[in-house]
Amino acid sequence: MTKPDFARLPGFRDFPPEDFALRSHIQESWRRVARRYGFQEYDGPPLESLDLYVEKSGEEIVGQLYNFVDKGDRPVALRPEMTPSLARILGERSRGMSKPIRWFSMPQLFRYERQQRGRLREHFQWNVDIVGEEDVSADAEVLAVAIDGLRELGLGAADFAARVSDRRLLTALLSGAGVDAARIPAAFSVIDKIERLPDEKADELFRSEAGLDDEGIASVRSLLATTEIAALHEAFGDDAAVGAELERLRRYLDLLDAMGLGDFVTLDLRIVRGLAYYTGIVFELFDRQGELRAICGGGRYDRLLELVGGEPLPAVGFGMGDVVLGELLASRGLVPAFEPALDYFVVMVSEGERPVGLEVAHALRDRGHSVAYALRDQSVGKQMKTAARDGARSVLVVGPDEVERGALVLRDMASGEERDVPLAELL
RNA sequence: GUGGGCGUAGCUCAGUUGGUCAGAGCGCCGGAUUGUGGUUCCGGAGGUCGCCGGUUCGAGCCCGGUCGUCCACCCCA
């Protein structure tokens, strides 16, 4: 076994080529889709000031941060999410930028947690944000990017769906059900956990944390079970505040329908998202079979930029991690096979031909072809074996005979056919 | 942070009630084939059986601890 001293840190991954291939497949798909929607790529430092996370996400997150004090006595942390960095970066420069700002990034994020399936101490996360637009069309645009990111990888409406909700709507509904304004956050917290709690336990929390009576609990439970805007309208639309929020959410869903993405979206008021900074529409993407953790989560965070000291700007975005997504792709057979590939492998019959072989190899490389050859004197059979193993599409053989007649033998590895190619054509 | 299942070659695993138990397949390297591949055959390298300690005449096998890993809880980007 490996010496413990040199073992990989728990929760961190190595990416040998066969694993790097999947990471690259995912990231290239993300990048294509983001650009298709007109987003520009950015990045920030992996290490940030600890305060950036404490002040914005709350003290409780510190327990899960990879943080330490650096040699300059600064409390620092490896970034656990990208949004605070984005807010900081835009805080410094958004005033001079035209809005809305459409930015995306694929940072490696870190969190000090016990690892288990779908959850490591680092992962790559696709972050897509629109800053400076408060209209729901921005919310719809962002969710469309997330959905298309998964479609780009071969996943369809049978594989995953978005569950969407709106904190403003939920706030209005909860107020209508008798929850005090001060206890709304506590009620959100209970709702966030409701799928993992037994009914009695949840009811108890609704009473103790949110101050609901039996009637209020029944009312909240009924609205959480509702998945149609129309039904909510019928049941709670008399409340003017609720009505206005419903109208906005209806428009959001209509916009996604217009894009042809309606099959991917379901209303689910149980989605509130854990982070404190969300202010409006929130959503999560789940696999339909419910075997995995959420693939993606996001929503509107209209106050964050000013909280970090920037220009007050509305914003909406999401984060999608590569770990759970990789598992979903694997379970659906959507991980592309890893196959090495080379355009050419140059076989040198003896050391005497190495100079010519190198000249040809380099000329081909200059023209953009991938070319490899044996790095030491080996039998032709051995070199052919290596060429086949490395996925060479063609082999160029150069030996004394070829040098003599000024032409190399070009072998097509798939068909086995061989023909002469004049040396002059290769250089 | 809590509880539980696992931990034997690079990989997947076999190892009977503790006494040739350190093995197989695949992979890797070399050869058969000193100018031609993916097959086949032959050979080789590679493991202090995660680590430390204990019980025993003797432990891969039993016990304790520890580390790693997986699962559940907690928490959630």
Side-chain angles (χ1 to χ4, degrees), chain A residues 1-12 14 16 18 53 56-58 60-66 77-86 105 107-127 189 192-193 195-197 272-278 282 284 293-299 301 317-324 339-340 342 345-353 374 377-403 408-418:
Chain A
M1 283 276 97
T2 322
K3 286 188 173 181
D5 292 354
F6 299 130
R8 199 174 60 238
L9 257 27
F12 287 82
D14 291 326
E18 59 272 26
Y53 306 110
K56 177 211 63 79
S57 310
E60 71 279 2
I61 205 174
V62 177
Q64 302 190 328
L65 282 176
Y66 232 111
L78 287 168
R79 57 186 177 194
E81 54 170 334
M82 196 59 178
T83 308
S85 295
L86 172 66
S105 188
Q108 187 172 24
L109 304 179
F110 305 86
R111 201 154 196 183
Y112 198 90
E113 286 191 302
R114 186 91 160 245
Q115 74 159 315
Q116 43 181 290
R117 188 178 186 205
R119 194 169 164 194
L120 307 173
R121 286 184 173 176
E122 55 75 23
H123 74 162
F124 289 91
Q125 191 185 71
W126 188 29
N127 275 252
S189 169
D192 189 36
K193 291 177 199 156
E195 289 181 80
R196 302 188 292 268
L197 291 175
V272 298
R273 307 286 300 146
L275 285 177
Y277 57 68
Y278 287 113
V282 289
E284 293 188 354
R293 293 164 184 284
I295 304 160
C296 168
Y301 52 99
F318 70 81
M320 180 187 294
D322 71 320
V323 178
V324 176
E339 284 169 12
L342 278 176
F345 191 97
V346 178
V347 167
M348 290 165 276
V349 176
S350 68
E351 275 303 284
E353 288 76 54
D377 194 19
Q378 286 180 320
S379 72
V380 171
K382 182 73 189 161
Q383 292 181 68
M384 290 299 297
K385 205 169 281 195
T386 304
R389 185 200 63 198
D390 292 349
R393 281 180 279 273
S394 300
V395 162
L396 280 164
V397 181
V398 51
D401 301 348
E402 286 77 10
V403 171
L408 269 52
V409 170
L410 177 72
R411 179 185 180 85
D412 181 295
M413 292 298 274
S415 66
E417 285 171 24
E418 295 191 348

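Per chain, numbering begins at 1; letters A, B, ... match sequence-line order.
Atom P of B:C13 sits at a distance of 15 Å from the matching atom of B:G50, rounded to the whole Å. A gap of 27 Å separates the C1' atoms of B:A24 and B:C62, to the nearest Å. Of the C1' atoms belonging to B:A9 and B:G46, the separation is 6 Å, rounded to the nearest Å. Comparing the C1' positions of B:C70 and B:A77 gives a spacing of 23 Å, expressed to the nearest Å. The separation of B:U36 from B:A32, taken at their P atoms, amounts to 12 Å, rounded to a whole angstrom. Distance noted for atom P between B:G5 and B:G64: 11 Å (whole Å). Nucleotides B:U20 and B:G58 place their C1' atoms 13 Å apart, quoted to the nearest Å. Look at the P atom in both B:G53 and B:G60: the space between them is 14 Å, to the nearest Å.
The NZ atom of A:Lys193 sits 6 Å away from the P atom of B:C76 (whole-angstrom rounding). Going from atom CG of A:Asp412 over to atom P of B:U36 covers 19 Å, rounded to whole Å. When the C1' atom of B:C67 is taken as reference, atom CZ of A:Phe12 falls 17 Å away, rounded to whole Å. To the nearest angstrom, P of B:A77 lies 11 Å from CZ of A:Arg119. Rounded to whole Å, the distance from CG on A:Leu109 to C1' on B:A77 is 7 Å. If you take CZ of A:Phe110 and C1' of B:A77, they are 13 Å apart, rounded to a whole angstrom. For A:Asp377 and B:U34, the CG to C1' distance is 10 Å, given to the nearest whole Å. Per the geometry, CE belonging to A:Met413 stands 13 Å off P belonging to B:U36, to the nearest Å.
Considering all non-hydrogen atoms of both residues, A:Phe345 and A:Ala392 come closest at CB-CB, 3.7 Å. Heavy atoms only, all atoms of each residue included: A:Phe318 and A:Cys296 are closest at CD1-SG, 3.5 Å. Between A:Gln125 and A:Asn127 the shortest heavy-atom distance is OE1-ND2, 2.9 Å. A:Ser105 approaches A:Met82 most closely through the heavy-atom pair OG-CE, 3.7 Å.
Contact of A:Glu418 with B:U36 (side chain to base): a donor-acceptor pair of N or O atoms is detected under 3.5 Å.
Candidate nucleotides B:U69, B:G31, B:C76 were compared by shortest atom distance to the side chain of A:Lys382, and B:G31 ranks first. Nearest nucleotide to the A:Arg389 side chain, out of B:G37, B:U36, B:C29: B:C29. Among the nucleotides B:G31, B:G37, B:C75, the one closest to the side chain of A:Ala388 is B:G37. For A:Val397, taking side-chain heavy atoms from C-beta onward, the closest of the listed nucleotides B:A77, B:G30, B:U36 is B:U36. Ranking B:G31, B:G37, B:A77 by closeness to the A:His123 side chain, first place goes to B:A77. Of the candidate nucleotides B:G35, B:A77, B:A32, B:A32 has the atom lying nearest to any side-chain atom of A:Lys385. Of all nucleotides listed (B:G31, B:G35, B:A77), B:A77 comes nearest to the side chain of A:Glu113.
For the pairing with A:Val398, the side-chain contact (heavy atoms from CB on, under 4.5 Å) check across A:Val409, A:Val403, A:Val349 returns one residue only, A:Val403.
Among the heavy atoms of the strands, none lies under 4.0 Å from A:Asp192. Using a 4.0 Å heavy-atom cutoff across all strands shown, A:Gly11 reaches sugar-phosphate atoms only and no base atom. Within the nucleic acid shown, A:Gly321 has no heavy atom closer than 4.0 Å to any nucleic acid atom.
The residue among A:Ala414 and A:Ser379 whose nearest nucleotide of RNA chain B lies closer to the 5′ end is A:Ser379. If A:Glu402 and A:Gln125 are placed on RNA chain B by their nearest nucleotide, the residue sitting closer to the 5' end is A:Glu402.
Both tests hold for A:Arg121 against A:Tyr112: distance to the six-membered ring centre under 6.0 Å, angle to the ring axis within 45°.
Not a single donor-acceptor pair under 3.5 Å links the side chain of A:Glu284 to the backbone N or O of A:Arg273.
Every stem involving RNA chain B, taken as at least 3 paired positions in a row under the Watson-Crick or G-U wobble test at 3.5 Å, is listed here: B:1-7 with B:67-73, B:10-13 with B:23-26, B:28-32 with B:40-44, B:50-54 with B:62-66.
For residues 386-401 of chain A, every residue pair satisfying the salt bridge (charged side-chain N to carboxylate O under 4.0 Å, His left out) rule, not counting sequence neighbours, is listed here: A:Asp343-A:Arg393.
A donor atom on one side chain and an acceptor atom on the other are found under 3.5 Å apart for A:Glu353 and A:Ser350.
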